Amino acid sequence: MRPFDYVRPSGLPEATRQARAEGSAFIAGGTNLLDLMKLEVMAPTRLVDINRLDLAECASLPIGGLRIGALVTNSDLAADERVRRDYPLLSRALLAGASGQLRNKATTGGNLLQRTRCYYFYDTSAPCNKREPGSGCSAIGGATRLHAILGASDHCIATHPSDMAVAMQALDAGVEIETVEGITRSVPLSDFYRLPGDTPHIETVLEPGDLITGVVLPAPVKATQIYRKVRDRASYAFALVSAAAVVAVENGTIGSAALAFGGVAPRPWRNHHAELMLAGERPSEKLFEAFADEVLGEARGQGGNDFKIPLLRRTIIATLKQATEESQ
Ligand code: SF4
């Protein structure tokens with residue numbers, strides 16, 4: 001690990017000001033960043049510890065909905081009675097991620113910003129455009145079991161590893177950001193992550209010094225919520241494929257449907273166009289198959305991850321079947 005400065009501000013303005021300097025990085029739980037620093041995948045020259053900031057509360061909003069502070073831990077969020085009652089798929093997704101010890105330290109903001117688990121990203125002897133722009137992508141033509149079938153580019157085929165973000169995507173969450181100028185802005189989670197294109201090292205819309213201060217969930221709707229995760233072992237494993245669904249069936253027809261998918265793309269994947277196919281229709285195997293075909297229309301395997309295309313198709317159909325049956 002390389003030497004670095006360490007500061008622990010007690011207020012937001014100081015935190016964003018300290019993080020403005022080149023080479024700075026925020027640290028909260030540190031469950032991903034410290035590993036990356038030990039491996040010298042990341043080598044920040046200054047760590048800005050935000051644990052003294054007042055961002056560890058969940059607050060019910062007067063208009064309905066929930067504001068989750070960026071420092072709320074994954075364990076506390078999964079156990080929050082409002083989350084368990086109104087957003088059960090978020091609680092399930094959180095509990096499907098990592099281990100109990102990691103969830104006790106990992107925070108809401110940090111979970112959104114965790115880095116890919118692409119093997120080559122962590123191997124500093126391998127070319128990787130995300131770690132070292134312009135060096136190449138070792139995954140293309142290499143081991144691709146964990147890699148993307150949607151949204152990838154010729155420069156990077158990594159997936160985003162979060163379960164929590166997939167659930168939040170289906171719930172239409174917004175990300176609250178404090179800028180270095182002291183301005184608070186809100187970005188829909190669907191616009192927060194950037195696709196890799198030819199700049200896979202730029203993963204989000206955050207500018208230098210920007211700090212995630214919270215996540216806002218809109219008021220809950222009456223619907224069935226499902227989180228389904230397919231992985232290589234029963235716990236402490238990243239998703240090969242996951243699906244989060246918020247589906248409402250009224251009088252035998254689908255009133256609304258929001259579905260997001262994990263383990264298959266550089267960001268939680270959602271296809272609003274495909275969702276329009278479901279609204280107003282009666283649930284049927286044929287409809288679910290057509291929806292899956294639309295979602296997978298541009299899917300492309302890399303050899304080692306070809307299996308994800310039929311796996312996601314089966315997962316989508318099973319998730320929609322369960323959600324619509326439970327919603328009737
Ligand atoms: Fe790096 Fe992305 Fe290629 Fe993995 S897939 S080696 S993260 S550029």
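Given the structure is predicted, the values throughout are model-derived calculations rather than measurements. Indexing begins at 1, ligand by ligand and atom by atom, following the structure's order. No hydrogens, no waters, no symmetry mates; every other heavy atom, side chains included, goes into these values.
- Of all protein heavy atoms, the one lying nearest to atom 5 (S) of ligand 1 is Ile157 N, 3.3 Å.
- In this structure a side-chain-to-backbone donor-acceptor pair under 3.5 Å is missing from Thr159 to Ala148.
- Geometrically, Arg131 does not engage Tyr120 in a cation-pi contact, judged by NZ or CZ lying under 6.0 Å from the ring centre and within 45° of the ring axis.
- Here the protein heavy atom with the shortest distance to atom 3 (Fe) of ligand 1 is Cys137 SG, 2.3 Å.
- The shortest contact between atom 2 (Fe) of ligand 1 and any protein heavy atom is with Cys156 SG, 2.4 Å.
- Look at Cys128 and atom 1 (Fe) of ligand 1: an N/O/S atom of the residue is under 2.8 Å from the metal.
- Checked options Arg313, Glu281, Lys286, Glu275; the residue passing with Phe291 is Glu275 (criterion: side-chain contact (heavy atoms from CB on, under 4.5 Å)).
- Judged by distance alone, the side chain of Asp49 and the main-chain N or O of Val7 form no donor-acceptor pair under 3.5 Å.
- Taking a cut-off of under 4.0 Å to the non-hydrogen atoms of Cys118, the atoms of ligand 1 that pass are 4 (Fe), 5 (S), 6 (S), 7 (S).
- Distances below 4.0 Å separate heavy atoms of His155 from the following atoms of ligand 1: 8 (S).
- Listed by atom number, the atoms of ligand 1 under 4.0 Å from Tyr120 heavy atoms are 6 (S).
- Between Asp35 and Arg117 there is no salt bridge, since no side-chain N of the basic residue sits under 4.0 Å from a carboxylate O of the acidic one.
- Counting atoms of ligand 1 from 1 in the listed order, those under 4.0 Å from a heavy atom of Ser138 are 6 (S).
- Across Ile226 and Ala323, no two heavy atoms sit closer than the pair CG1-CB, 3.9 Å.
- Each of Val187, Ile177, Ile183 was checked for a side-chain contact (heavy atoms from CB on, under 4.5 Å) with Asp210, and the lone residue meeting it is Ile177.
- Of all the atoms in ligand 1, the ones that sit under 4.0 Å from a non-hydrogen atom of Lys130 are 7 (S), 8 (S).
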